[in-house]
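Note that this is a predicted model, so its numbers are computed, not measured.
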Amino acid sequence: MTGFLESELPIVAAPMAGGPTTVALVGAVQGAGAFPFLAGGYKKAEALAAEVRQVRELGGTFGVNLFVPGTDAVDAAAFRAYAAELAPEAAPYGLELNPQPVVDDDDEWPDKLALLLAEPVPVVSLTFGLPDVRDIAALRRVGSRVLATVTTAAEAKIARDAGVDGLVVQAPAAGGHSGTYDPLRTLTPVSAPDLVREVRAAVELPVVVGGGVASAEDVRVLLAAGAEAVAVGTLLLRTDESGASQTHKDALAAPIFAETTITHAFTGRPARGLRNGFIDRHETAAPYGYPAIHHLTRPLRQAAAKAGDADRLHLWAGTGFRAAREVPAAEVIQELARGL
């Protein structure tokens, strides 16, 4: 068993909201001896409840990730201007983007919290900041270990003081949304091993680390740097059990996509993905403000995924994306565990 996660291997399947993380993927990761997370973000509480019950029936240990609702404001005029700028992108799909920002989306936090208090799971991880300390304490009282996603040593101290049990340390090389507490902050380049060492020097809490992991050697280096476990996400996107769109899966292997970049053009919050035309055309004009920008572009992104249009799709990916392969998820975990 590995440390505080109580899994056979010190490897974690990161929660990938929006479709990639499926119950089948969770089961495959469990079966391979690693620790999986269900992705609670973007789901209705009822849908998350159904998935939790399905995973519980599998019998293994697992965690649930929740998005912490924030207060990211968006400038109304900038939002309308951005909606107008994106109109030509949406027109080929017969879409008209809503020029009024969604400002009341809490990702059903109260209902999801109530679910996890009524039906506790072994681990709950938090992304996009921290909730009220009373929520953290309530989750711990029902027996869940609570992990907070952090991107700096300073955030790690804040999370420690809020009473969490451990940390998910996310390096800038990680794919998908950054868990930074300040979306306007420039994400300073730092390697995952160096970030682990900085966090471990600042706080005495167990650490799961992710960001740019592409091989068993990367896992060994991060464990040697002081992490209890290593999280992988991008490597699982093309697996048989992944729920990522085929457009996304294909793009990860397409020669036309040569690099990743951090963008806020799709959702109003910094995230790393394959650099494509949408980012090149709109990054400069895009305002910050999650989840308002997320809701603005979501219909366009859904249409693009269905149409195989990778140029207008958020192609979340970490820097190790070239190592992602079309194989069973268990094979990915086994390869990462080689030599441990």
Side-chain angles (χ1 to χ4, degrees), residues 12-26 29 36-52 54-55 63-70 72 93 95 97 102 105-109 112 125-128 149 168 170 174-179 183 210 231-239 241-252 260 262-274 276 278-279 289-318 321 324 329:
V12 171
M16 296 179 286
T21 293
T22 63
V23 171
L25 180 59
V26 167
V29 168
F37 273 95
L38 274 174
Y42 302 137
K43 286 190 178 79
K44 294 291 186 182
E46 294 85 354
L48 178 59
E51 288 192 354
V52 167
Q54 286 178 282
V55 172
V64 172
N65 175 256
L66 297 181
F67 288 172
V68 178
D72 298 349
Y93 298 112
L95 297 173
L97 302 183
V102 174
D105 177 17
D106 63 2
D107 202 43
E108 297 196 10
W109 170 266
K112 291 175 183 177
S125 68
L126 307 169
T127 300
F128 299 161
T149 304
V168 177
Q170 185 191 40
H177 282 109
S178 169
V232 295
T234 302
L235 291 187
L236 297 169
L237 280 173
R238 298 183 68 212
T239 59
E241 298 87 354
S242 165
S245 70
Q246 194 60 48
T247 305
H248 192 174
K249 290 182 176 184
D250 292 345
L252 291 166
T260 64
I262 294 174
T263 178
H264 66 281
F266 289 110
T267 67
R269 172 177 262 277
R272 183 175 292 279
L274 300 180
N276 63 3
F278 187 95
I279 295 172
Y290 176 91
I293 303 300
H294 159 73
H295 285 293
L296 172 68
T297 68
R298 191 176 193 178
L300 170 60
R301 292 181 283 127
Q302 290 174 333
K306 187 176 295 186
D309 181 2
D311 190 60
R312 293 184 174 95
L313 182 62
H314 60 297
L315 303 167
W316 299 152
F321 71 96

Could you check whether any side-chain N or O of [X] sits under 3.5 Å from a backbone N or O of [Y], counting only pairs where one atom can act as donor and the other as acceptor?
X      : Y      : answer
Asn65  : Phe37  : no
Glu241 : Ala24  : no
Asp105 : Asp107 : yes

By side-chain contact (heavy atoms from CB on, under 4.5 Å), which residues pair with His177, not counting sequence neighbours?
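Here the qualifying residues are Tyr42, Phe128, Thr267, Arg269, Ala271, Tyr290, Trp316.
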With Ser245 via side-chain contact (heavy atoms from CB on, under 4.5 Å) - residues at least two apart
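Per chain and number, Ser245 pairs via side-chain contact (heavy atoms from CB on, under 4.5 Å) with Thr247, His248, Ala305, Leu313.
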Measuring from [X]:[atom1] to [Y]:[atom2], what's the distance to the nearest 0.5 Å?
X      : Y      : atom1 : atom2 : answer
Asp106 : Lys112 : CG    : NZ    : 8.5 Å
His314 : Ile279 : NE2   : CD1   : 11.0 Å
Arg298 : Ile293 : CZ    : CD1   : 14.5 Å
Thr22  : Leu38  : OG1   : CG    : 9.0 Å
Thr149 : Gln170 : OG1   : CD    : 6.5 Å

Identify the two heavy atoms, one from [X] and one from [Y], that lie closest to each other, and give their separation to 0.1 Å.
X      : Y      : result
Ser242 : Leu236 : CB-O, 3.4 Å
Pro299 : Leu296 : CD-O, 3.6 Å
Ala310 : Ala251 : CB-CB, 4.4 Å
Phe278 : Ala265 : CE2-O, 3.7 Å
Ala231 : Ala14  : CB-CB, 4.5 Å
Ala324 : Thr234 : CB-O, 3.6 Å

Go through Leu25 and Met16 one step at a time and tell me if the side chain to side chain contact (heavy atoms under 4.5 Å, CB included) criterion holds.
CA-CA 11 Å; Leu25 180 59; Met16 296 179 286; 4.1 Å; yes
Strictly by modelled atom types, are Arg301 and His294 linked by a side-chain donor-acceptor pair under 3.5 Å?
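Arg301 vs His294: donor-acceptor pair found between side chains.
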Candidate pair Leu315 and Phe321, rule side chain to side chain contact (heavy atoms under 4.5 Å, CB included), full reasoning
CA-CA 11 Å; Leu315 303 167; Phe321 71 96; over 6 Å; no
Residues forming a side chain to side chain donor-acceptor pair (under 3.5 Å) with Thr21, sequence neighbours excluded
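Scan of Thr21 (side chain to side chain donor-acceptor pair (under 3.5 Å), adjacent residues dropped) gives none.
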Could you go through the side chain to side chain contact (heavy atoms under 4.5 Å, CB included) check for Leu274 and Leu252 one step at a time?
CA-CA 8 Å; Leu274 300 180; Leu252 291 166; 4.2 Å; yes
Take Arg312 and Tyr93 through the side chain to side chain contact (heavy atoms under 4.5 Å, CB included) test and state the conclusion after the steps.
CA-CA 11 Å; Arg312 293 184 174 95; Tyr93 298 112; 4.2 Å; yes
